[in-house]
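The figures that follow rest on heavy atoms only: side chains count, while hydrogens, waters and symmetry mates do not. Sequence lines set the chain letters: A, B, ... in the order given, protein chains first and strands last, and positions in each chain run from 1.
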Amino acid sequence: MPELPDVEGFRRYLAHHAEGHRIERVDVPDRMLLRNRSPRALGRAVDGRRFTTPRRHGKWLLAPVGETELLLHFGMTGLLRWAERGQERGRERDRHDRLIFVCEDGELRYNDVRRFGGVWLARDERERLAVTGPLGPDAAAIDREQFERLLAGRRGGIKAALMDQRLIAGIGNLLSDEILWRACIHPSTRVATLNRRRRERLYEALHSAVAESIRYGRVPQGKRWLMRVRDDRQATCPRCGTRLRRGRVAGRTACWCPRCQRLAAHAVPPVSGRRGASG
DNA sequence: GCTCATGTTCCCCT
DNA sequence: CAGGGGAACATGAG
């Protein structure tokens, strides 16, 4: 789940359920996912303090508590769940609940099946940056001129660029495919070969796809979205009905329409449909 | 048993 | 240095 839209959903969820609530204690059944503090140090920092308004940058959820800030990353399978105290439903914890912020009238559970995500603590901006690494501007807040500047001088492929968190924060595999499909640009296209008109079109696609996704709190599966069909066996393009193609681009499984998203022959090295042709 | 998965990071090449 | 490919990380689903 967790790309920018999902994390934005978690941000709203946290704000809705936990903001203003006082943390009594934190249970840490899986120490591995508490990344840069001991459970005791986490307790010293947050016990007795309240969640205030959470922020988000790219795929990071930043939740201030007292003097410090919780930094949450959701990896591939992370999520948040609020369980109201005394309610039958959600009373039992899940085996994948890794960190539980116990409040007076409920608890916020950080759940992550695959354990690629984690929770960090940062006392100040310096410490936060050390954890997140350099991040580009949030994908939801980029304007045209900024987008132009970001792409200028970029040498690699466009899908890799969109997913590069140092360039633009928040776009992952699904969203990048969605944006490129919407802009009718092949994922392997070299950034440098995109003319002004296509960059413009790409910006529009990014902007609209991100804005709409954020409203849903995930990448939507509507009629005009690749998301709806990308996992189907015989997936076809929602726009033209052509059978979609799948292949490895920028290290991920990309999905695109060979008719809508044509690749200029000179623009790119061949894209293999599968992995491991060499040794 | 095998393959694949919405993310990040590290290593090796070009 | 920039960027691409591949593997690794941990776990579950099909």
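- Atom P of C:dA7 sits at a distance of 15 Å from the matching atom of B:dC2, rounded to the whole Å.
- With sequence neighbours left out, the salt bridge (Lys or Arg N to Asp or Glu O under 4.0 Å) criterion links A:D124 to no other residue.
- The CZ atom of A:R248 sits 8 Å away from the P atom of C:dG6 (whole-angstrom rounding).
- A:L62 belongs to a hydrophobic cluster whose remaining members, ordered by chain and number, are A:W60, A:L71, A:W120, A:V131, A:L135; membership requires side-chain heavy atoms of ILVMFWY residues under 4.5 Å apart, directly or through intermediates.
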Taking Watson-Crick and G-U wobble pairs with both distances under 3.5 Å, convert DNA chain C into its dot-bracket string, 5' to 3', dots for unpaired and | for cross-strand pairs.
.||||||||.||||
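- For residues 161-177 of chain A, the pairs satisfying side-chain hydrogen bond (donor to acceptor under 3.5 Å, both in side chains) are A:R154-A:D164, A:K159-A:N173, A:K159-A:S176, A:K159-A:D177, A:D164-A:R166, A:D177-A:R230, with sequence neighbours left out.
- Residues A:E19 and A:T53 have side chains that bring a donor and an acceptor to within less than 3.5 angstrom of each other.
- When the P atom of C:dA10 is taken as reference, atom CG of A:L33 falls 11 Å away, rounded to whole Å.
- Residues passing the side-chain hydrogen bond (donor to acceptor under 3.5 Å, both in side chains) test with A:D6: none are found, sequence neighbours excluded.
- When the P atom of C:dA10 is taken as reference, atom CZ of A:R31 falls 17 Å away, rounded to whole Å.
- Distances shorter than 4.0 Å separate none of the side-chain N or O atoms of A:H96 from OP1 or OP2 on C:dA10.
- Pairs engaging residues 34-54 of chain A under the salt bridge (charged side-chain N to carboxylate O under 4.0 Å, His left out) rule: A:R37-A:E127 [sequence neighbours left out].
- Contact annotation for A:G157: backbone-only contact, meaning every heavy-atom pair under 4.0 Å involves sugar-phosphate atoms and none involves a base.
- Atom CZ in A:R35 sits roughly 10 Å away from atom C1' in C:dA10 (whole-Å rounding).
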The contact string for nucleotides 6-14 of chain B, one letter per nucleotide 5' to 3', using protein heavy atoms under 4.0 Å with B, S and - for base, sugar-phosphate only and none, comes out as BBB------
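- In summary, the aromatic rings of A:F74 and A:Y110 are positioned with their centroids under 6.0 Å apart.
- Look at CZ on A:R155: it is 8 Å from C1' on C:dC1, rounded to the nearest Å.
- Looking at residues two or more places apart in sequence or on another chain, you find no side-chain hydrogen bond (donor to acceptor under 3.5 Å, both in side chains) involving A:E178.
- In this structure, A:R126 has no side-chain hydrogen bond (donor to acceptor under 3.5 Å, both in side chains) partners at least two apart in sequence or on a different chain.
- The NZ atom of A:K159 sits 17 Å away from the P atom of C:dG3 (whole-angstrom rounding).
- Taking atom P in both C:dG6 and B:dT3, the straight-line distance is 15 Å, to the nearest Å.
- Note on A:R95: a side-chain N or O is less than 4.0 Å away from OP1 or OP2 of C:dG12.
- Considering only side-chain N and O atoms, A:R115 lies under 4.0 angstrom from the phosphate OP1 or OP2 of C:dT11.
- Regarding A:D164, its CG atom lies at a distance of 9 Å from the C1' atom of C:dG3, rounded to whole Å.
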